[in-house]
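Here is the structure we will look at, set down as structure tokens.
Computation of the quantities below employed the complete heavy-atom set of this structure, encompassing side-chain atoms and omitting hydrogens, waters and symmetry-equivalent molecules.
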Amino acid sequence: MEKMTELVEQITKRLQLRSARIDKADRLWDAAVLVPLVDTEAGPAVLFEVRAEGLGWQPGDVCFPGGRYECGDDSFAKTAIRETCEELGVTEDKISLCGELDFLVTHMGPIIHPFVGRLADGVQLSCNKDEVAEIFTVPLSFLMDYEPRVAHMELANRATADFPFDLLPRQPHDWHKRKGYNIYFYEYQGHVIWGLTARILHGFMRRFRRELQANIL
């Protein structure tokens, strides 16, 4: 009894030293992006980037400014701001953060922490051509009336040759469907917004529809 009491006390102390966090044994890594709001001649709009063709990860795709969390960042908000400054050629004082959206734990590795922020009126952008091929904006009034196309993706797993089928004979040997999820597609002036970027955009539009209706329409 005494040993059990002491063990529980020690475990309790250790658990209270830090908050629980996501288990990253599956090689998950953190990244942060900014949903940049800008004022344009067409009214309030969202700014997007087109990734440079020389990038190894999703070249040519539409995305929000952002990137991987680095040890020198004291928060994910810092990551989003730092990456936006590097990619768009702006300074931190030209970005006003509104707050953080729900973060996404993806199937591909990154945990995405999205933030919403406003770029200062009249700010001059100088894109990093190694990362950004072009930028464009989409009016929020357009997005309010737009119904994205929805497709579906299925996830499956398959045991490899080292799996102990002798211990679990019911385990399927071939691909086994686990779950499915929606993929959203937005089209605007020849650009296709999809994947995680579209998922973040879709969540933003759904969450703030009342505020958008009051101030845009």
Side-chain angles (χ1 to χ4, degrees), residues 7-37 46 48-49 51 55-59 61-88 92 95-117 131 148 150-160 162-164 167-168 171-172 175-186 193-208:
L7 174 61
V8 170
E9 289 178 353
Q10 291 176 356
I11 291 174
T12 301
K13 289 179 180 179
R14 288 287 302 277
L15 289 176
Q16 291 177 347
L17 289 176
R18 70 169 177 84
S19 301
R21 60 191 70 172
I22 294 174
D23 183 346
K24 298 182 180 178
D26 293 330
R27 299 180 181 179
L28 300 176
W29 48 277
D30 290 295
V33 301
L34 182 72
V35 180
L37 303 180
V46 181
F48 296 89
E49 298 177 351
R51 294 174 60 81
L55 294 175
W57 176 269
Q58 298 179 326
D61 277 5
V62 174
C63 68
F64 290 122
R68 187 186 290 261
Y69 173 85
E70 295 182 358
C71 295
D73 298 334
D74 56 16
S75 66
F76 296 120
K78 178 67 175 180
T79 302
I81 293 174
R82 175 181 55 76
E83 289 284 342
T84 300
C85 291
E86 292 176 2
E87 294 172 13
L88 298 183
E92 290 190 18
I95 303 172
S96 300
L97 279 189
C98 302
E100 184 176 8
L101 300 172
D102 293 340
F103 62 86
L104 309 178
V105 181
T106 73
H107 314 295
M108 298 171 289
I111 302 171
I112 307 295
H113 301 263
F115 292 81
V116 180
E131 299 186 54
V150 182
H152 304 87
M153 189 74 75
E154 292 184 349
L155 292 176
N157 59 7
R158 181 179 65 179
T160 56
D162 61 351
F163 191 88
L167 300 179
L168 296 173
Q171 175 67 29
W175 287 102
H176 177 59
K177 177 184 174 181
R178 305 302 301 183
K179 64 174 294 187
Y181 60 95
N182 293 338
I183 304 178
Y184 301 99
F185 297 83
Y186 294 80
I193 304 165
W194 73 291
L196 293 176
T197 302
R199 183 173 166 186
I200 294 169
L201 175 64
H202 185 264
F204 170 78
M205 297 300 297
R206 183 180 67 247
R207 181 171 178 179
F208 294 104

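Taking every heavy atom of both residues into account, G195 and I183 meet most closely at N-CG2, 4.2 Å. The heavy-atom pair separating A32 from A80 by the smallest distance is CB-N, 3.8 Å. For L28 against T106, the heavy-atom pair with the smallest separation is CD2-O, 4.4 Å.
In this structure the side chain of F76 reaches within 4.5 angstrom of the side chain of Y69, judged on heavy atoms. A 4.5 Å side-chain heavy-atom check between F103 and D30 finds every atom pair outside the cut-off. Using a 4.5 Å heavy-atom cutoff, the side chains of W29 and P110 are in contact. By the 4.5 Å heavy-atom criterion applied to side chains, V46 and L37 are counted as neighbours. The closest side-chain heavy-atom distance from L155 to K177 is not below 4.5 Å. Side-chain contact between H113 and T79 is absent, with no heavy-atom pair separated by less than 4.5 Å. E83 has its side chain out of reach of P65: every pair of non-hydrogen atoms, C-beta onward, lies at least 4.5 Å apart. The closest side-chain heavy-atom distance from C85 to I95 is below 4.5 Å.
By the ring-ring contact (aromatic ring centres under 6.0 Å, His included) test, F204 pairs with F208, sequence neighbours left out. D61 is linked by a salt bridge (charged side-chain N to carboxylate O under 4.0 Å, His left out) to nothing, counting only residues two or more places apart in sequence or in another chain. With sequence neighbours excluded, no residue forms a ring-ring contact (aromatic ring centres under 6.0 Å, His included) with F115. Residues satisfying the ring-ring contact (aromatic ring centres under 6.0 Å, His included) criterion with H202, sequence neighbours excluded, are Y184. Under the ring-ring contact (aromatic ring centres under 6.0 Å, His included) criterion, Y186 pairs with Y146, not counting sequence neighbours.
With rounding to the nearest 0.5 angstrom, the CG atom of L101 is 6.0 Å from the CZ atom of R207. In this structure, OH on Y181 lies 11.5 Å from NE2 on H152, to the nearest 0.5 angstrom. Separating the OG1 atom in T197 from the CD1 atom in I112 is a distance of 8.5 Å, to the nearest 0.5 Å. Rounding to the nearest 0.5 Å places CG of L88 at 10.0 Å from CD of E131. Here the straight-line distance linking atom CD1 of I193 with atom CZ of F48 works out to 4.0 Å at 0.5 Å rounding. Atom CD of E100 and atom OG of S75 lie 9.0 Å apart (nearest 0.5 Å).
Residue pairs meeting the side chain to side chain donor-acceptor pair (under 3.5 Å) criterion with at least one member in residues 8-21, sequence neighbours excluded: E6-Q10.
Using a cut-off of 4.0 Å between Lys/Arg side-chain N and Asp/Glu carboxylate O, E92 and K78 are scored as salt-bridged.
Shown here is R51, whose CZ atom has more than 12 heavy atoms of other residues, nucleotides or ligands within 6.0 Å.
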